[in-house]
Protein chains: 2
Amino acid sequence: MATVDLETARTAALDAAESLFYARGVQSVGMDEIRSTSGVPLKRLYQLFPSKSDLVEAYLRRRDSDWLTSLTHYADAHADPQQRIPAVFDWLEQWFAEPGFRGCAFVNAFGELGATSPAVANAVADHKAAFRHYLADLTTTAGGTPALAAQLALLAEGAITTAAITGSPAPARQARAAAQLLLSLS
Amino acid sequence: MATVDLETARTAALDAAESLFYARGVQSVGMDEIRSTSGVPLKRLYQLFPSKSDLVEAYLRRRDSDWLTSLTHYADAHADPQQRIPAVFDWLEQWFAEPGFRGCAFVNAFGELGATSPAVANAVADHKAAFRHYLADLTTTAGGTPALAAQLALLAEGAITTAAITGSPAPARQARAAAQLLLSLS
DNA sequence: CGCTCGTGAGAACGTGCGTTCTCACGGCCC
DNA sequence: GGGCCGTGAGAACGCACGTTCTCACGAGCG
């Protein structure tokens, strides 16, 4: 029966979309390449995602949840709330050092499509809001103010962008040091 | 004589390219729209810029120099070196509040084309390096270390991205406050 | 005055790609 | 076993757009 693999097909499509869109940008990847990479025939691709924009949005939504899940698992593993914030930057450093790292998928998508697609702009805004929200939780748990949390978010954001453009994971350590300093003042 | 307006045509073309590319992204603006907006006929556009990629690169190069010139004029107007660094963030805040602000043109271009065009990736890297270099000058003049300069750059970078995505100029003030704190520790 | 050469306006060409259509195939139900 | 329906593979369509070509025009020169 075919309906069985509907979910697997969806996963395969999203896997292909994620690796291709992230590596090369949305507009330089055609639906045909999604098809050949995923093995999901075009017809079913369009059953699952009525248009390319739908696939793009689903890609962003899934990546949002995966990314944040991975980060929170890593940081929350530290029992001491004071150590969870530096751990965020450690996690970033590992991410930056991964082969194929090319910055924040959401920032990239925003630059590419934010001006022409409100759906993309919203997905990006939601992702960043979720990240700031998580950081705010960590910060208040560690005894910091919301203002500090906002500053830590800026450091992380700047580190991601700078690491992408320079191709070096060093910004993670610089941001971590600044975060520690700001944290120690509160 | 036609050769007279070669420079004016070039300027008009770059003006149109800048406003259109920045507002909507490179790939959603066609050469024909550059033509109609600038008034420069297609033939001459292709004399000035043999391909769209050349126009894109020229757009980035000119914006790099204009952007940095505007920033340095603003910050260097402050006699006290200690005040120049906060002034950078004041300048950012004014920029963020401008109508049509849509983040850093270079970060946007990187997300759109960085993976497929080395020329764009290089232009972006050069721009960010120039910015960091300027900030490093300001920082050492104010008695800070290179490490501090790097952290200030991350704050600025994060503020730009966050302001773009949230549509609010508030990140400039948050980054300014963090910068002042870090500066006061050195 | 006629010839030439560069220009401007816009048509035309080629390609890439999002989306849809064709058609033969293979299970499933009566 | 025979019609029916969904499937897979891929061709086909339509459009957008980068790039080039056509052609009529007007200035400069012998």
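Numbers restart at 1 for each chain; the letters A, B, ... are given by sequence-line order, proteins then strands.
Going from atom CG of A/D32 over to atom P of D/dC13 covers 17 Å, rounded to whole Å. Put simply, CG on A/L45 is 11 Å from P on C/dT19, counting in whole angstrom units. Atom CZ of A/R44 is separated from atom C1' of D/dG6 by 9 Å (rounded to the nearest Å). A straight line from CG of A/L42 to P of C/dC17 spans 13 Å, rounded to a whole angstrom. Atoms CD1 (B/I34) and P (D/dT19) sit 12 Å apart, rounded to a whole Å. What separates CD of A/E33 from C1' of C/dG16 is a distance of 12 Å, to the nearest Å. Across the protein-nucleic acid pair, B/K52 atom NZ and C/dG16 atom P stand 16 Å apart, rounded to whole Å. Here the P atom of nucleotide D/dC17 and the CE atom of B/M31 are 13 Å apart, to the nearest Å.
Contacts between residues 16-24 of chain A and DNA chain D, defined by a heavy-atom separation below 4.0 Å, involve no residue at all.
Positionally, the nearest nucleotide of DNA chain C for B/R35 lies more toward the 5' end than for the other of A/Q27 and B/R35. With the nearest nucleotide of DNA chain D identified for both B/S53 and B/K43, B/S53 has the one nearer the 5' end.
For an aromatic pair to be called close, the ring centres must be under 6.0 Å apart, and B/F131 with B/W67 satisfies this.
Counted by atom type alone, A/Y134 and A/D76 present one or more donor-acceptor pairs between their side chains at under 3.5 Å.
Between A/Q47 and D/dT7, a side-chain N or O to OP1/OP2 separation shorter than 4.0 Å is present.
With a 6.0 Å cutoff to the six-membered ring centre and a 45° limit on the axis angle, B/R63 counts as a cation-pi contact of B/Y22.
Between B/W95 and B/G103, the shortest heavy-atom distance links the atoms CZ2-O, 3.6 Å. Taking both residues in full, the closest heavy atoms of A/I34 and A/A13 are given as CG2-O, 4.2 Å, listed atom of the first, atom of the second, then distance.
Nucleic acid contact for B/V40: none, since no nucleic acid atom lies under 4.0 Å from a heavy atom of the residue.
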CA sep, side-chain torsions, deciding dist, call: B/R176, B/E93, salt bridge (Lys or Arg N to Asp or Glu O under 4.0 Å):
CA-CA 9 Å; B/R176 186 190 143 117; B/E93 184 176 9; over 6 Å; no
Step by step, would you call A/D54 with A/S51 a side-chain hydrogen bond (donor to acceptor under 3.5 Å, both in side chains)?
CA-CA 5 Å; A/D54 295 291; A/S51 76; 2.8 Å; yes
